[in-house]
Amino acid sequence: MERLKAVEEKWQRRWREARIFEADPEPGRPKFMVTFPFPYVNSLPHLGGAFTILRVDLAARFKRMQGYNVLFPQGWHATGGPIVASALRLRQGDKKIVRILLEQGVPREELDRFKDPEYWVRYFTREWRRDLERYGLSIDWRREFHTTYLNPSFSRFVEWQYLKLREKGLVGKGSHPVVWCPREQKVVGDHDRPDEYAGISPVEAYIIKFRSRDGLVFPALTFRPETVFGVTNLWVHPEATYVIAEVDGEEWVLGEYGAREIADQGHRVVIKGRIKGSELIGKMVENPANRMSVIVLPASFVDPELGTGVVMSVPAHAPFDYVALMDLKRRPEELARYGVDPGIVERLEPVKLISVPGVEGLLVEEEVRKRGISSQEQREELEAATREVYSKEFYEGVMLEVTGRFAGMPVKTAKELVVEWLAEKGDALKIYTLPRPVYCRCGARTHVKIVRDQWFILYSRRDWKEKARKALAGMHLYPESVRKDFERNIEELRDWAFTHKGELGTRLPWDPEWVIESLSDSTIYMAYYTIAKYTEHSEDYGFKPENLTPEVFDYVFLGEGDPEEVSRRSGVPREVLEAMRREFEYWYPLDLRISGKDLIPNHLTFMIFHHVAIFPEEKWPRGIGVNGWILVMGEKMSKSKGNFITLRQALEWWGADATRWAEVMAGADAGLDDANFEPSVADSAVELLLGWIDFVKSNWGRRARDEERWIDKWFESRLNSTIKRVTQLMEETNFKSALVEGYYKLQEDWRWYLKRAGGEPRSDILKRFIEVQTLLIAPFAPHTAEEAWEAMGKEGFANTASWPEPDESKIDEAVERAEQVVIDTLEDAREIRKFVKEPKKLIVTVAAEWKYRALEAVARERASGKPLREAARAVFSVDGVDKKDAASLFQAIMKNPEVLARFAPRSLEFAALKDAASLYAKELDVEVIVEPEEEGVSPRKAQALPGKPALYYE
RNA sequence: GCGGGGGUGCCCGAGCCUGGCCAAAGGGGUCGGGCUUAGGACCCGAUGGCGUAGGCCUGCGUGGGUUCAAAUCCCACCCCCCGCACCA
C-alpha cells in the first residue's frame, strides 16, 4: 500500500512539473472540453462526488490519449444558504455543527473562524483541491475559481448574464409561496430546519366561509371544497384559544396561527380579541353552498395551530369527521357540558354526495372498519384512511344529486368549479398552507408566506423552450436513453424564482436587495472557465475585476464591439481582451458535461436553456453524460449506517489508483443505475495494480519464443478486437464495461494464451500485450500506468501516449470462434470424464466436411430471417448427401441450435483442436487423438457437429 | 397521483434493446487441491438437484401469454429506490 502511495506521489509531482494538464488553445488541433458541475463546498468530498468526477477524469484522459487538446477545469460553488446557515448555527453554539466540523478534520482551535461563512468557503475550497489532486485528476488548476461576491470577477460575469436575460425579456416579476419564519423574518429552506421537517412544502388549500347569524365568519380550511355539500357541522377544538380578527373587513374567528398565515398572504388582518373554543360550540352557522344551518361541535383531532383551526365536517367522505361524529354520539354527556342538546347530534347523519364505482355504501365506513379504527385518537390509521378515500374519490368519484348543478360531474372537474362558484359569491378563497407543522431551526413555528415582487426566470416561454429542444436534439447524450427525460423536463419546466435574500451569492444588478439563487448562477459558467485563467489573476494581466464591464463580456463571448474601443472604455488591456476571446472561441462549445442523475431535472436543463438564450447556436453544449449515485456495500452512504467514506479516507486506505479502480468497478457506466462500491474490491485492486507493475518489470524485454504457433493468431485477434471494443465503450463513457473488457477479460485471455502456448508467449506478442494493457488501464490507474511505462524505459508519460489503435488485419472472427470451440470442448470433455472410470484415451472427432457445408447453408438462411425450422431444411438440398444423413443432421440442429452461432470453418476447428491436443492430454490426463469424421475410428463419430466435435473415451 | 430507475444464483454483479452459443460472464465468499515450516499472497478445480457419456429436472419478483425456443418479447400484478421546484 505504501509502495503504491509513493508511486502516486512521484507521478503527481512529475505531472505537475511537466504541466501536462494545463491546456492552452492550439489553433488547428482538435480540442475537447469536459466538465464536472462544481461542488458545493460546505464539507469534504466523499465517495459520491468522487465517483462522478472520476468519470470526468476518465473521459479527459481517454480523449487526451486520443490526441485531443483536452481542457478539464474545476471550480467551486458557495452560493446559497447552507454555509450561511451553518455559520449561524455555530455562532449560536450548535453542538452538531461543532461535531461535524471536527469530524471533517478541522482543528479545534480553528473552530471559531467558521462562524464566518467566508471562512467556510476558503477552508473547504482549499481542502477539496488538496483531495482532488491526490486523487490524480487531470485538472488544469489555473482556471480554478469560486462563486459569490467573494469573487468579484465571477460576480461580474453572473451580472452580465442576467442583464442579458433581462434585455431579452426572459426575466419577470411575480409572487410565490414560501415557508416563512416569523421570528427570523426569512425563508426557511430544508437546511434551516431540523431534519424531521425536511421536504415539507406549501400546498394549496381552500377556506370556505360559514357565517353565523350575527355575521361572524367561521373560515373552514379544506383540501376538498367539493364536499361542502355534505357538511353536517363544523369542528373546533374546545380547549383551544381562538382569535376574533378583522379580515379584509369581515369579522373572522380562527386560530392564531391561521391569522398569521393569512396576514402573510395578502390579506388585511387586525386581531380584535380572543375566545375559547368551548364558547363557540353550539353556535349555528350557514353553509354557503346550500344555505343549510349547521352546528359548531367539539373535536379533539382539530389542531388549532394548523390551517385555520376551524374544520368543516363531512362524515360521509372524511374518516376523521366520521369517527369524531361517532365519538360524540357515544358521549352525550360531553355535549351537555357545552350546553348542546344531544338530540341534535343524534339526528346528524352522513350525507353521501360522491359515488365511487364498486362501492355501495360509504367508502369511509369501509375504510374505518377495515383498519379497525374506533377513536379519533388513532391518528396514524386515520391519516392512512384519509389518503385512501381522498385519492379514490378524487380519481374515480362522481358527484351525486345533492350537489345540485355539479351532479354527474367527475370529482376532478367539480372541485375547481365549486371553488370558482363559491369564490365568486365571496364565500371561498384559495390559500397556501403546510400539510404538517414545520419548525425553523430557531425553534419558531413557520407558516406559508406569499413573497411579492419575486423575480422569475420565464422558462415557460414557448419560444425559449423551442430553442432548448433544438439544442437538445443536437446533443450527444450518454446514455441516449435519458433524452426523453430531458425532453419532458424542458416541456414541463415552469418559471423559476431565482432570487433570495440573506444568502451568499451575487446581487441582482438592477435590484440589489436580491441575491441570485444558487442554481441560477450556475448555468453558463462553463464559459467562464475558458477565460478564468485571466480574470482570476487580473492583477497579472493589468486590470481589476471592476473593469469587467458588460461590454467586455459582450466582446469576449459574443464578439460584439471593437476590441480597441472596448479596451479603452473598460480598462482591460486590448491583448488580454483578444486572448480571452481566442480562448473562448477555441474551447467553446463545451463537449461533454458529466453529472449525477440528480441534476437532470434542474441544473442540466437550466444549462441548456441559458446557453440557447445567451450564445449563438455553434456554442451550444455538445454532450451530457449522467450516472447514478454510489452506494457503499449496497446501501446509501450515511454516517448512521457507518458506511460513509470520505475521499480522504479512501485515499488513505487504498491510495488513488485502487480507489479509482474500485469506483469504476462499482458501476461507472453511463446510466441511471446506482453503483455499488465494495471496499473488498479496493483491497484487491491494491494487489492487482502492484502485481501489474511487477509483471511488467519481470517480463518487459524478455526473450521468450520466436516461432509461430496457432494460438498466437488467436491472441493477436483477441488483443486487437479488445482494443476495438474498449475504445467504443470509452467513447460511450461506459467505463466499467471498458475496464472489464480491457483488463479482466484481456487478462483472462492472456492466461488462456499462456496455458495454450505451454507458458511461452511469442516474444513480440508479449511486448505488445504489455504495452497495450498498460495503455488500456492508463485512464483508470494513471499512476500505476506511468510506473509501468517507466519500467519499460519509454519516453514521456503513459498518460500522454497514444491510445492503442486496433490492427484490423489481425482481427479474425473465425479464428476466435475456432478457439472458442477448443475451450468449450475442453469443458465438455471434463464433464463427461466424470462419468468414465479410468479412461486411457480420448478421441475427438471433427465433423465431416459436408456437415459444415450444410450448416453454412442453414446459417445463411437464418441470417436472411427465416425461422429455425425452415432454415434448417436447407440441409436437405446440400449436394451429395443422402436423405438419411441429412435428416439426422436436421434433428441435431433442432436440438442444438447454438452450434449455428458457434461453428468456425472446418480447417480452423481442426487445426485448433489438433494444436490443443497436448493441452487436453495434460488437463484430462489421457492420451488424445483428434480425427476427421470421414476417417474416424470413434464409435461416436456420427455425433460430431460443426462447432461441437464428438468425444469418446476409452 | 404524475414521471423515472430497479427486483438475476450464498453476496455483489453482467446479460435484457437485437429470443437460441444461458444453469446464466466476472468478482467475493465457501469447499477441495497445489505451493509453503505455518499463515498470507499466488496458482488449479468445485460451488441448484439428479445422473457411470455431453442428458434430465428446477431456475432470473409473481401470475398469465406469444414462440419450435423466453432471464430476454407482450399483458396484469406485487415490492424497493428516486424526482415533482426556490434546494444544493
Side-chain angles (χ1 to χ4, degrees), chain A residues 37-42 77-83 176-179 187 189-192 198-199 201 387 390-391 394-395 451 454 456-457 459 480-482 484-485 488-489 492-500 503 517-520 522 597-603 628-629 631 633-634 636 665-667 669 671-678 680-681 683-684 687 691 736-737 740-741 744-745 747-748 751 755 817 820-821 824-825 827-837 839 862 867-870 872 894-903 923 940 943 947-948 950-953:
Chain A
F38 47 26
Y40 187 69
V41 283
N42 65 338
H77 200 205
T79 310
I83 287 177
H176 187 75
V178 295
V179 178
V187 178
D190 275 352
H191 47 263
D192 302 312
S201 41
R387 275 195 298 276
Y390 277 27
S391 89
F394 181 73
Y395 291 100
V451 179
Q454 167 64 279
F456 283 86
I457 302 172
Y459 291 127
E480 181 57 32
S481 58
V482 297
K484 56 182 188 300
D485 294 277
R488 202 181 357 264
N489 289 325
E492 290 177 2
L493 189 59
R494 283 176 278 161
D495 294 345
W496 180 266
F498 77 98
T499 52
H500 265 174
E503 300 188 344
E517 164 280 331
S518 66
L519 280 170
S520 304
S522 314
K597 62 182 173 182
D598 46 323
L599 299 188
I600 296 174
N602 42 64
H603 167 70
W629 299 320
L631 309 175
M633 294 185 283
K636 222 165 151 177
M665 289 308 289
D669 280 0
L672 304 179
D673 294 356
D674 292 336
N676 186 16
F677 182 92
E678 295 277 350
S680 62
V681 175
D683 290 337
S684 56
E687 303 301 326
K736 176 186 173 174
S737 300
V740 167
E741 286 284 335
Y744 290 95
K745 295 231 161 126
Q747 287 286 326
E748 203 183 319
R751 279 196 298 273
K755 202 169 178 176
R817 274 212 309 274
Q820 194 58 45
V821 171
D824 293 342
T825 302
E827 281 290 302
D828 285 348
R830 269 211 187 96
E831 175 78 12
I832 300 167
R833 198 186 186 291
K834 288 193 283 196
F835 300 103
V836 187
K837 45 189 182 327
R862 275 295 279 167
L868 182 63
R869 188 175 288 277
E870 270 178 61
M894 291 309 291
K895 205 171 162 201
N896 302 303
E898 71 274 8
V899 292
L900 281 172
R902 187 144 64 176
F903 79 102
E923 293 282 318
R940 289 174 189 271
Q943 276 183 13
K948 199 169 160 68
L951 300 177
Y952 181 72
Y953 281 102

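Convention: sequence-line order gives letters A, B, ...; per-chain numbering from 1.
- In terms of heavy atoms, A:Leu868 sits closest to A:Pro897 at CD2-CB, 3.8 Å.
- Base contact: A:Ala950 has a heavy atom under 4.0 Å from a base atom.
- Regarding A:Ile832, its CD1 atom lies at a distance of 8 Å from the P atom of B:rG55, rounded to whole Å.
- Candidate nucleotides B:rU52, B:rG54, B:rA88 were compared by shortest atom distance to the side chain of A:Phe835, and B:rU52 ranks first.
- Put simply, OH on A:Tyr953 is 10 Å from C1' on B:rG54, counting in whole angstrom units.
- Taking the C1' atom of each, B:rG27 and B:rC50 are spaced 29 Å apart, rounded to whole Å.
- The NE2-P distance, from A:His603 to B:rA88, rounds to 14 Å in whole Å.
- Residue A:Lys755 has its side chain nearest to B:rC44 when only B:rG51, B:rG5, B:rC44 are considered.
- Residues A:Asp598 and A:Trp629 bring a donor and an acceptor atom of their side chains to less than 3.5 Å of each other.
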- Query: How does protein reach along nucleotides 7-30 of chain B, written 5' to 3' as B (base within reach of a heavy atom under 4.0 Å), S (only sugar-phosphate), or - (no contact)?
  - Reply: -----SS------BB----S----

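- Comparing atom distances between the A:His500 side chain and each of B:rC82, B:rA53, B:rC87 picks out B:rC87 as nearest.
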- Starting at the 5' end of RNA chain B, write a dot or bracket for each base, bracketing those in Watson-Crick or G-U wobble pairs whose two distances are under 3.5 Å and using | for partners on another strand. ((((((((.[[[..)....(.....]]]((((((.......))))))(((....)))...[[[[[..)....]]]]])))))))....

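- Here B:rA53 presents its P atom at 15 Å from NZ of A:Lys948, a figure rounded to the nearest Å.
- Counting to the nearest Å, the C1' atom of B:rC87 and the CD atom of A:Glu517 are 7 Å from each other.
- As judged by a 4.0 angstrom heavy-atom cut-off over every strand, A:Gln747 is placed among residues making no nucleic acid contact.
- For the C1' atoms, the distance from B:rC16 to B:rC22 is 12 Å, rounded to whole Å.
- Ion pairing of A:Glu923 with A:Arg830 is present here, as a side-chain N (NZ or NE/NH1/NH2) and a carboxylate O approach within less than 4.0 Å.
- Nucleic acid contact class of A:Leu900 (heavy atoms, under 4.0 Å, all strands): none.
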- Message: Would A:Asp674 and A:Lys597 count as a salt bridge (charged side-chain N to carboxylate O under 4.0 Å, His left out) here? Give the steps.
- Response: CA-CA 9 Å; A:Asp674 292 336; A:Lys597 62 182 173 182; 3.1 Å; yes

- Item | side-chain hydrogen bond (donor to acceptor under 3.5 Å, both in side chains) assessment of A:Thr499 paired with A:Gln454 | CA-CA 7 Å; A:Thr499 52; A:Gln454 167 64 279; 2.3 Å; yes

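- Using modelled atom types, one side-chain atom of A:Asp669 and one backbone atom of A:Lys736 make a donor-acceptor pair closer than 3.5 Å.
- Straight-line distance between the P atoms of B:rC44 and B:rG28: roughly 12 Å, to the nearest whole Å.
- Between the side chain of A:Arg494 and the base of B:rA85 there is at least one donor-acceptor pair of N/O atoms closer than 3.5 Å.
- Residue A:Asp485 is classed as a sugar-phosphate contact, given heavy-atom separations below 4.0 Å to backbone atoms only.
- Side-chain atoms of A:Asn602 and base atoms of B:rA88 include a donor and an acceptor less than 3.5 Å apart.
- When the ring pair (Phe, Tyr, Trp, His ring centres under 6.0 Å) test is applied to A:His77, the partners found at least two apart in sequence or on another chain are A:Phe38.
- As a whole-Å value, the separation of A:Lys895 NZ from B:rC68 C1' is 15 Å.
- Nearer the 5' end of RNA chain B, as judged by each residue's closest nucleotide, is the contact made by A:Leu672, out of A:Leu951 and A:Leu672.
- Distance CD (A:Gln943) to C1' (B:rG54): 8 Å, rounded to an integer number of Å.
- For the pair A:Glu831 CD and B:rU47 C1', the computed distance is 14 Å after rounding to whole Å.
- Summary of the strand contacts: A:Trp629 and A:Lys484 both lie near RNA chain B, and taking for each the nucleotide with the nearest heavy atom, the more 5' one is attributed to A:Lys484.
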